[in-house]
Amino acid sequence: MTEERNDHDVIVVGAGFAGLYQLIRLRQAGYEVRVLEAGGDVGGTWYWNRYPGARCDVESIEYSYSFDRTLEQEWNWTERYASQPEILDYIRHVADRYDLRRDITFGTRVEAMRWDDAAERWTVRTDDGRSRTARFVIAATGCLSVPSRPAFAGMADFAGELYWTSNWPHDGVDLTGKRVAVVGTGSSGLQTITAIAPDVGSLTVFQRTPSYAVPAHNGPIAARLDEVKPGYPEFREESRLSRLGFHCGEDETGYYAETPAAGVRRELDRRWSDGGLCFTLSFRDVLFDADANEALAEYVRERIRAKVNDPGTAEKLTPRTYPIAAKRMCVDTGYFEVFNRDNVSLVDLGEEPIERFTERGIVAGDAERAFDVIILATGFDAMTGALTAMDIRGTGGALTEKWAAGPRTYLGLMTAGFPNLFMITGPQSPSVLSNMMTSIEYHVDWVTTALEHLRASGRHRMEPDIEAEDNWVNTTNDVGELTLMPRAASWYTGANIPGKQRVFMPFVGGVGTYKQIGDGVAVAGYHGFELT
């Protein structure tokens, strides 16, 4: 085996969906590339998130690569919403098919990056003590890849088994007949709770904030694949021009204020029976009009009450403190029905806050509850966490200092003062408000084309103008403020991380609009970027 070299054209950080596609595109363009990956294999979020019940909340038909028509045709998904093992199989298939692993160094975490202005190169230091250099660095580090791990008092005292959904053991965990606690009811918590409830002896759910969840109506997908595959290219292009980056029948949605009550109910019933995240697009003004938003929210509350037998439990599970879709919506496969089981109970942390962990279990309110296993589903330091976890220093200092009051980027692709450092689905791009696959492919293609343009014009340095960056930050903030989304204390704003500045981080204008802006910037000779 040839020893890996230290100097590269491009270093890519991360071997998830973004990193793998970036490697493919850069190879095609003739660049020498090294991918650095902390995990033991490809997969990114789907390598780490192996907890029970883990699955995607975007339909498999759309949550897949579109760059190779042969790949599209040869891969057959089995479910409407693919499970983590199937998604990981798909990513591994792609790595094998394109022989990607030969350019990936696994088990290697990037700790620091330094820009050398004289040499116009990045030096990348990893946890194995090694340093590598590259003209360009592309951070394909993911939006939900750095776990939030709150330290509860007494955690070290607990004598039972303690697990995080964000780093579940590869070999799984036998929970059969055990007394289990789950702390957290975001998407990871909901999926875990639903999956393990039938097997455990008892399950106690500790809920801080109830979640809006719509049914997945998951099932076999063979017939739908047969319908879509003949026209996959056109199907994908429609997704790229849509708001969320996947099909939601947006042409059929109207304005709530202009729709008679019977029509409102009919549309909500239709969307609910279809299932999935498209429910939030029942009407175009849901994120802008409080009455429209409340109509959807109350409809979901009504559905929750119909699913949960005990009225008191149903009320605790009913969200009332934030607009629907202002936090990431959950797609469930029987979550609310779990609370009709005799072995499942709910603790509302608003009424009974966790005081401490003990050797036996958890003290919440005035009561100590004993457990064999505690599972923590406490989310992620979203969008910026993976970037600020690395000590990145450009021409003007540290990235953490520049972003202390919130991320500052141009198009979510680059940040001024850090030349030749690109971000895939970075903050202030649609990213987490979209089908990540659609956004990943667009960013990777945009970055690759930009590098080819630099090379063809005899230039090798690129970074945003401060004015362009400031304008984009203001645009992102202004568009966000037009919506109801900042009214929720969500990970979209960093509210789940103590001490993190609360700023609405995604671009809410939609995938299609963002594509038009990004394409226009490129056609105009990369307007707003300095190329030297």
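Hydrogens, waters and symmetry mates play no part in the numbers below; they use all other heavy atoms, side chains included.
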Query - Geometric cation-pi criterion, Arg328 with Trp491: 6.0 Å, 45° - result: no
**Report entry** Check: Ser211 side chain, Ala213 main-chain N or O, donor-acceptor pair, under 3.5 Å
**Finding:** no
Query raised in the report: Is a side-chain donor or acceptor of Gln191 paired with a backbone partner of Arg55 at a separation under 3.5 angstrom?
Result: yes
Requested in this report: Decide whether a cation-pi geometry holds between Arg455 and Tyr31; the criteria are a distance under 6.0 Å from NZ or CZ to the six-membered ring centre and an angle within 45° of the ring axis.
Outcome: yes
Query raised in the report: Closest approach of Phe504 and Thr493, non-hydrogen atoms and distance?
Result: CD1-CG2, 3.9 Å
Report summary line: Shortest non-hydrogen pair, Glu161 vs Val173, comes out as OE1-CG1, 4.0 Å
Query - Backbone of Asp89 reached by a side-chain donor or acceptor of Trp46 within 3.5 Å - result: no
Query raised in the report: Mind checking whether Asn420 and Val137 have side chains closer than 4.5 Å, heavy atoms only?
Result: no
Report summary line: For Gly14 and Val35, the nearest pair of non-hydrogen atoms, with its separation, is O-CG1, 3.3 Å
Query raised in the report: Just by modelled atom types, is the Met436 backbone N or O under 3.5 Å from a matching donor or acceptor in the Thr438 side chain?
Result: no
Query raised in the report: Centres of the Tyr526 and Tyr410 rings: under 6.0 Å?
Result: no
Query raised in the report: So, Thr513 side chain and Gly510 main chain: donor-acceptor pair closer than 3.5 Å or not?
Result: no
Query raised in the report: Does the ring centre of His170 sit less than 6.0 Å away from the ring centre of Tyr47?
Result: yes
Query - Closest approach of Ser434 to Ser439 (non-hydrogen atoms, all atoms of both residues) - result: OG-OG, 2.6 Å
Query raised in the report: Any sub-3.5 Å donor-acceptor pair from Asp9's side-chain atoms to Glu32's backbone N or O?
Result: yes
Requested in this report: Examine His443 together with Tyr514 and report whether their ring centres are nearer than 6.0 Å.
Outcome: yes
Query raised in the report: Under 3.5 Å, is there a donor-acceptor pair between the Thr126 and Glu111 side chains?
Result: no
Requested in this report: Please answer whether the main-chain N or O of Tyr335 pairs with a side-chain N or O of Asp332 as donor and acceptor at a distance below 3.5 Å.
Outcome: yes
Requested in this report: Please find out if less than 6.0 Å separates the ring center of Trp164 from that of Tyr51.
Outcome: no
**Report entry** Short side-chain to backbone donor-acceptor contact, Lys229 and Gln73, under 3.5 Å
**Finding:** yes
Report task. Taking the six-membered ring for Trp and the full ring for Phe, Tyr or His, determine whether the centres of Tyr65 and Phe17 are under 6.0 Å apart. Result -> yes
Requested in this report: Answer with yes or no after comparing the ring centroid distance for Trp168 and Tyr163 against a 6.0 Å cut-off, counting only values under it.
Outcome: yes
